[in-house]
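Please read the structure below before turning to the comments.
Letters A, B, ... mirror the listed sequences (proteins, then strands); counts begin at 1.
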Amino acid sequence: MKLHINKQVLIGLISVLLGLIAGAILMAFTGNNPFMGFTYLFRGGLMNVGRIGDTLSTATTLILTGLSVAFAFRTGLFNIGASGQMLFGGLCATAVGLSLDAPRAVVLLVAIAAAFVGGGLWALVPGLLKARFNVHEVVSTIMMNWIAYWTIYYTIPSFFKGAYDTESRAISKAASLRAPWLTELFNDSSINLGLFLALLAVVLIAVILNRTVLGFELKAAGYNRFSAEYAGMKVNRNIVLSMVISGALAGLAGATFYIGYANTMKIGVLPSYGFDGIAVALLGANSPYGVLVSAIFFGILHSGKGFMNAMTSIPPEIGDTIIATIIYFAATSVLIEKAIDSIRKKFKKEGN
Amino acid sequence: NGQQGDSGAAAPALKVGMVTDSGTIDDKSFNQGTWEGILEAEKDFGVTTKYLKPVGETEADYLKEIGNLYDAGFTTIVTPGFKFEAAIFAAQDKWPEANFVILDGTPHSADYSEFRAEKNVVSIFFSEHESGFLAGYAAALQIKEGEMGFIGGMEIPAVQKFNWGFQQGVAYANKNNGTNIKLNAENIIYQGTFTDVAAGQQLAAQMYDKGVDAIFAAAGGVGVGVINEAKSRVKTGEKVWVIGVDVNQYPDGVYEGNKSVVITSAMKRIDVAAYDMVKAVLDGTFPGGETLIFDAKNNGVGIPAENPNLDASVEAEVAKVFAKLQDGSVVVAAEQGNLIK
Amino acid sequence: MWELIAKIFPYAVAATIPLLITSLGGLFSERSGVVNIGLEGLMVVGSFTSAYVISVLQPIMPEGAIWLGLLAAMIIGAIFSLLHAFASINLNANQVISGTAINMIAGALTVFIARTITGSGNIHITSGLTRFNVPLLSKIPVIGKLFFTQTYASTWLVLLILLGSWFLIYKTAFGLRLRACGEHPHAADAAGVNVYFIRYIGVMFSGAFAGLGGAVIIVTYSGEFNGSVAGLGFLALAALIFGQWKPLGILGATFFFGFASTLANVSQVIPAFKVIPGIILKVFPYVITLIALILFSKSSQAPKAAGEPFEHGKR
Amino acid sequence: MEYVVEMNNIRKEFPGIVANDDISINLKKGEIHALLGENGAGKSTLMSILFGLYKPDRGQIRINGKEVTINNPNMANELGIGMVHQHFKLVHNFTVTENIILGLEPRQGLTLNLKAASKRIKELSEKYKLDVNPDALIEDVSVGMQQRVEILKMLYRNADVLIFDEPTAVLTPQEILELMKIMKNLTEEGKSILLITHKLKEIKAAADRCTVIRRGKVIGTVEVADTNEAKMAEMMVGRVVSFTVDKKDQEPGELVLDIDKLSVMGNHGVMGLKDFSLQVRAGEIVGLAGVDGNGQTELVEALTGLKKIESGSVKLDNVDITSSSIKERIESGMAHIPEDRHKHGLVLDYSLEENMVLEIYNKVPYSKNGFLNFDAIRKHADKIIKDFDVRSGEGAVSITRSMSGGNQQKAIVGREVDHNPNLLIAVQPTRGLDVGSIEYIHKRLVEQRDSGKAVLLVSLELDEILDLSDRIAIINHGELVGMVKASETNENEVGLMMAGIGKGENP
Ligand SMILES: Nc1ncnc2c1ncn2[C@@H]1O[C@H](COP(=O)(O)OP(=O)(O)OP(=O)(O)O)[C@@H](O)[C@H]1O
Ligand SMILES: Nc1ncnc2c1ncn2[C@@H]1O[C@H](COP(=O)(O)OP(=O)(O)OP(=O)(O)O)[C@@H](O)[C@H]1O
Ligand SMILES: [Mg+2]
Ligand SMILES: [Mg+2]
């Protein structure tokens with residue numbers, strides 16, 4: 001029998017394994033039983049429907065930010081600004097949710113559209129700077145993150161002030177992505193309609209990247225802008241478009257977070273989901289379906305670590321350490337790749 | 001070590017959990033105070049303790065950690081801060097077997113359409129204005145002549161009440177004790193975060209440069225910057241002070257030997273509140289459904305018992321006024337009125 | 001106006017220094033050809049190390065503790081940066097991703113350790129550096145008031161390092177090799193320069209300096225490790241580009257950030273500034289950076305080979 | 001007789017290929033020894049081994065009779081071996097002095113002693129008549145000068161054995177003559193030279209002996225004086241090579257490309273192309289000869305739309321395309337074999353089939369309603385692969401990065417020719433390819449011409465221009481300095497014009 005596993009998948013799995021081993025070492029180092037630790041970590045994420053629901057709702061936002069980063073990656077851009085785009089997208093969705101008085105379906109659709117557009121607009125700036133002036137998007141998206149942070153900081157109390165200066169009014173049930181039937185199905189968890197939005201985005205992005213003329217152009221511009229230009233493609237437009245789509249996905253993530261997972265927008269917080277999205281994308285090998293799987297995995301870690309912490313005396317930072325280690329191993333995958341190759345070779349030799 | 005709570009006691013001990021607010025456990029404020037109270041209870045009653053830090057500040061984040069505690073057998077759960085109001089509102093129905101204590105807040109639905117505290121929830125409020133009043137009064141008496149400032153963190157009710165009480169305390173000293181302490185409107189500010197240490201330092205520096213002698217910092221991490229700036233100045237011979245908040249911040253202000261820049265602190269006895277509630281659960285007297293007020297009357301607020309930077313005479317004066325607060329002959333307003341900001 | 005500037009100047013300088021030294025570290029790394037987006041994490045490592053060392057030593061040796069803390073931060077920062085060096089120099093990893101991993105590991109690991117040691121994520125030091133007026137120099141009109149009053153010893157240390165770095169980069173054989181590795185590693189390789197070695201040195205400089213940057217925060221204005229340096233590492237990276245990869249350029253760029261942020265912070269207590277909406281003051285440095293990047297885009301002095309893996313013998 | 005360098009039984013394997021297979025070669029003191037071989041024969045590998053860049057799997061190296069192991073370029077330097085690489089290894093924003101001393105810096109206390117270095121370089125430059133300004137920035141000096149800097153680098157390190165890897169590929173005929181003179185000077189001073197080149201004429205002119213390598217094996221070493229170019233070529237390829245391209249006489253037809261007074265900005269803010277006019281007719285190949293960097297790139301980029309035109313006009317088939325987009329130009333019948341196949345020609349991370357539709361992916365049948373049609377794309381690629389004999393590991397789905405340069409080039413030529421363009425602009429179409437591939441591509445270009453299409457050939461290889469073109473335009477400093485009929489000129493005349501010594505009228 002011949003076992004044929006995609007190399008990328010194998011590298012991902014090995015990275016995860018190494019990350020978990022690093023976590024185990026740290027647990028043992030602090031005098032805890034790693035086996036118990038992991039048991040509680042995974043039980044915390046999956047033990048019952050309520051927890052599965054929470055895992056999925058965390059994953060929802062991660063899928064979208066991961067998709068945002070992965071899409072940018074595939075088109076040759078490094079979007080480190082998903083956090084800012086998510087904030088601004090979330091602000092747009094919240095604004096709609098708080099001010100539009102219309103049937104639920106309309107409010108939700110408009111809010112989602114607003115988040116999509118908002119995130120896209122926020123990414124438009126780095127996109128234009130990159131295309132027109134060759135300003136590296138890593139720096140410009142970092143700047144845009146802080147600009148978003150302060151924009152939200154001053155906009156919320158000025159226009160959407162809730163009980164306190166530090167947060168917006170709460171989104172009403174009608175304008176929330178949470179659906180009663182879904183909430184009930186998952187035993188009162190934070191799962192929301194955003195999940196379907198995220199799944200839809202995964203499929204759409206996969207189709208765009210792999211099957212369409214648009215994807216062909218965007219990837220070409222990303223891989224080699226000079227040959228794309230040579231072939232008559234509008235490279236600058238494509239760079240801007242890639243960045244905008246990436247930002248729009250992060251904007252959607254904002255909608256799922258601020259009017260789905262949460263119901264108010266708090267100021268003074270730069271959501272970490274944007275940075276986690278980098279990890280998700282990387283572990284998912286920048287493929288939309290890979291992102292889906294790795295986001296769910298991260299979702300489990302994120303929602304399980306609290307339970308682990310409650311059951312044992314293992315600090316929850318272990319979860320972040322595991323994720324960081326996984327990313328480091330994924331980044332240095334050459335090492336793993338070499339190991340795989342040499343092992344495969346050995347097997348081949350022995351097989352013959 | 002507070003985390004190692006799982007003691008192997010024979011009888012299934014009460015498990016007391018806490019979910020922290022956005023800051024860390026030793027934030028010199030809410031989290032630290034609450035946790036100290038719980039630890040005190042651990043020492044005295046052998047309860048099992050644990051705190052969890054949520055990943056974010058949303059209702060869902062809080063509920064998740066409360067659920068984690070509950071699923072791990074922690075049936076008494078303390079949550080510090082008004083930010084938990086909506087989460088506790090949901091939690092009281094979701095986990096009716098658990099006892100919840102919310103400090104500085106009262107359970108209500110996210111959109112404020114419904115306020116309801118079930119039999120398993122106790123809300124505790126503090127009279128921060130009284131605390132601020134006492135600290136302001138004490139500092140004014142000690143300094144006698146000069147200027148003071150206030151740096152708040154975010155503009156939330158507890159911080160505002162500290163501010164208003166503080167201003168009244170200073171005014172009271174000026175009026176009744178002949179002190180001459182000025183409060184300039186431009187030196188009464190809310191920095192806007194509880195975390196920006198650098199801004200705290202820089203703001204304090206400006207105020208001290210403008211002649212402010214003492215700053216009341218009710219601002220978490222921003223206050224850390226304020227204290228740092230004061231330390232820097234005192235070490236070079238300047239005479240400046242900080243008034244601490246929430247807990248006795250004297251140790252934080254120590255710059256040399258046991259000399260501190262913290263003249264006194266406007267305390268609220270969060271630790272006592274937490275301790276009392278654990279005790280009440282053990283005694284079977286948990287006042288579920290009630291709202292408790294911790295104020296001067298029940299020694300729930302005040303300045304520290306020992307204030308090395310205050311003269312004995314000053315402490316005596318403060319004690320007198322404290323008694324007046326207790327008997328109601330002096331009343332501190334909890335609203336802005338015509339106070340600054 | 002003058003009064004105001006003179007007043008906030010020392011604090012603007014204090015806010016500049018951690019950025020400056022970190023950015024300078026980034027300069028060494030990028031000049032050697034390795035992009036280091038992990039500066040933020042390295043600063044966190046530095047601030048953790050110094051806070052821990054100082055908090056342990058201060059009761060025993062009140063004077064020396066701070067300096068040992070700074071030294072320790074540099075050493076541990078340099079050691080930690082080896083993770084990035086190994087990934088990007090030996091394994092040809094994507095340097096941006098490796099740097100991101102550094103940031104994540106630093107954030108999680110330091111808090112993890114801090115919590116294991118102290119029971120909480122914070123480490124507090126009793127006393128930081130004392131400010132002083134430089135004798136004689138502080139009496140010089142104008143300049144004395146701006147530059148020589150209320151200074152920290154660490155400020156002078158960092159400025160000395162800046163000067164030394166300038167000398168090292170432009171006047172010594174090492175500097176020549178360093179710059180060659182960032183521009184055209186194969187040329188350096190063919191000339192017998194050990195590119196891997198130089199790049200390791202470059203990255204370790206960035207680790208040591210970013211570590212020092214994090215530590216300076218602790219001993220000057222913060223006094224407490226809390227698991228984050230609030231994005232200063234990223235800002236240092238921006239300053240590096242804004243300053244066009246030149247020591248004096250980044251001095252200017254970081255001072256701009258330091259001054260702008262201080263101004264924004266203290267504007268609350270300065271009546272003259274109350275008329276300007278807070279949001280404008282807050283986003284000012286970031287917007288200016290974007291504009292500066294546009295202006296510099298035509299004449300970018302970026303090291304040509306920065307970010308590109310080098311393989312011996314390959315072209 | 002004692003040899004300065006002896007390499008005995010050298011073997012070097014790369015994954016999947018034996019680059020050097022039991023090669024032995026030796027170098028006498030004071031001689032110029034040429035290495036000749038097809039692309040990939042293993043010449044550079046052998047020299048890289050001598051220079052310490054690669055470790056041989058087997059074999060022995062002796063320097064002045066003593067067996068040595070050379071682990072890195074530093075050791076090679078210490079043994080007196082220096083190397084000039086084909087792609088210069090110079091840091092563009094360093095001065096000449098800085099580049100030369102890099103790795104071997106003279107110091108004065110802690111600091112670099114640039115003054116002493118600069119003085120020494122000046123002396124060396126004068127001694128060997130290299131005429132180099134030690135304080136100039138590399139980015140400001142000509143290619144020929146850069147090469148002399150490379151030579152100085154070796155001399156500065158007291159190298160006695162100098163390796164030149166294809167030194168003439170980037171030089172004008174006159175610069176080549178200069179170089180030959182310099183090499184002779186060097187040997188007279190007692191230096192020994194190993195010279196890699198594809199150009200038989202140069203070997204004939206300069207070398208004392210020549211070793212021919214084929215597929216990693218030595219075929220033989222000959223005294224150059226006792227042989228001729230045809231014999232050496234035969235040794236190299238293993239069969240008789242025809243040096244001429246078969247080309248029927250043919251009258252050019254309609255005017256296809258009409259360039260009128262074109263001016264284009266160069267990279268350094270000065271005009272790279274000035275008032276340039278040129279016509280290309282159907283059924284003819286016009287060759288553009290010139291030294292690298294004299295405006296060819298600007299011309300091609302302006303014609304193809306990659307660069308903005310400052311003034312003047314371009315007409316294709318009588319339609320003004322001066323301000324048309326790249327796409328419009330492609331659609332109106334222009335095809336372009338780019339100079340740099342990696343930068344412009346291919347998306348290296350795309351598969352071969354994707355690259356074959358790079359310009360037509362949005363046309364039916366390759367896509368419909370925005371969705372790609374993979375079947376049609378596959379069919380298209382398979383046809384080009386078959387027609388142009390493109391070889392790759394996995395056929396149409398091979399990632400182009402994994403393909404050899406020759407096959408990458410054939411694929412590009414196939415793609416462009418397949419568009420059936422009225423005008424084909426071929427820039428350096430055979431750069432770095434071996435004789436076999438060159439022959440093939442030349443044949444296809446001539447086929448285009450024979451079928452009545454216009455071809456503009458831009459090349460730095462004078463031989464290629466002379467062989468293929470009907471007419472030759474010579475460009476210097478962005479200006480047209482001459483236009484000659486290929487049948488009525490010779491290398492010398494064109495070479496002189498390339499150096500800027502013009503020849504009056506435009507025929
Ligand atoms: N670093 C390397 N790794 C793998 N294969 C290599 C490497 N360098 C060279 N090769 C292969 O070894 C063979 C010999 O290459 P080499 O560069 O020595 O040829 P050459 O004679 O110099 O060719 P050219 O005329 O193109 O310069 C070629 O097939 C080449 O693809
Ligand atoms: N590591 C490698 N793996 C695979 N092929 C390689 C590798 N290095 C070089 N090659 C290929 O080997 C061929 C010759 O390589 P080489 O590096 O010797 O170039 P070259 O043309 O001889 O240049 P130069 O004359 O400057 O040495 C090229 O086609 C190149 O793409
Ligand atoms: Mg070669
Ligand atoms: Mg070659």
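- Relative orientation of the A:Phe73 and A:Phe78 rings is perpendicular, given thresholds of 30° and 60° on the angle between their planes.
- The ring-ring contact (aromatic ring centres under 6.0 Å, His included) search around C:Phe284 returns C:Phe256, not counting sequence neighbours.
- Side-chain contact check for A:Ile147 versus A:Val125: every heavy-atom pair is 4.5 Å or farther apart.
- At a 4.5 Å heavy-atom cutoff, the contact between A:Ile318 and chain C is made by backbone and side-chain atoms alike.
- Heavy atoms closer than 4.5 Å to chain A are found in the backbone of C:Ala230, but not in its side chain.
- Looking at residues two or more places apart in sequence or on another chain, you find no side-chain hydrogen bond (donor to acceptor under 3.5 Å, both in side chains) involving C:Ser222.
- For A:Ile80, the part sitting under 4.5 Å from any heavy atom of chain C is the side chain, from C-beta outward, and nothing else.
- For C:Tyr200 and C:Phe86, the gap between ring centers reaches or exceeds 6.0 Å.
- Only the side chain of A:Ala279 comes within contact range of chain C, with heavy atoms under 4.5 Å apart.
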May I have a table of the donor-acceptor pairs connecting chain C and chain A at distances under 3.5 Å?
unit_1   : atom_1 : unit_2   : atom_2 : d
C:Leu83  : O      : A:Tyr328 : OH     : 2.4
C:Arg115 : NE     : A:Glu317 : OE1    : 3.2
C:Arg115 : NH2    : A:Glu317 : OE2    : 3.3
C:Ser297 : OG     : A:Phe133 : O      : 3.4

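- The CG atom of A:Leu62 sits 8.0 Å away from the CZ atom of A:Phe298 when rounded to the nearest 0.5 Å.
- For A:Pro126, no part lies near chain C; criterion is any non-hydrogen pair under 4.5 Å.
- Summarising the geometry of A:Leu282 relative to A:Ala331, their closest heavy-atom pair is CD2-N, 4.5 Å, with the distance given to 0.1 Å.
- With a 4.5 angstrom heavy-atom cutoff, C:Leu293 touches chain A via backbone and side-chain atoms both.
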Problem - C:Tyr52 vs C:Phe225, ring pair (Phe, Tyr, Trp, His ring centres under 6.0 Å): CA-CA, chis, key distance, verdict - result: CA-CA 8 Å; C:Tyr52 180 62; C:Phe225 166 78; over 10 Å; no
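- Of the listed residues (C:Ile294, C:Leu237, C:Val283), the greatest number of heavy-atom pairs within a distance under 4.5 Å of chain A belongs to C:Ile294.
- In terms of heavy-atom pairs under 4.5 Å with chain A, the best-connected choice from C:Leu83, C:Val111, C:Ile37 is C:Leu83.
- With sequence neighbours left out, the side-chain contact (heavy atoms from CB on, under 4.5 Å) criterion links A:Leu124 to A:Leu121, A:Leu128, A:Val240, A:Val244.
- Using a distance-only test at 3.5 Å, with no hydrogens or angles considered, no donor-acceptor pair links the side chain of C:Arg199 to the main chain of C:Ile89.
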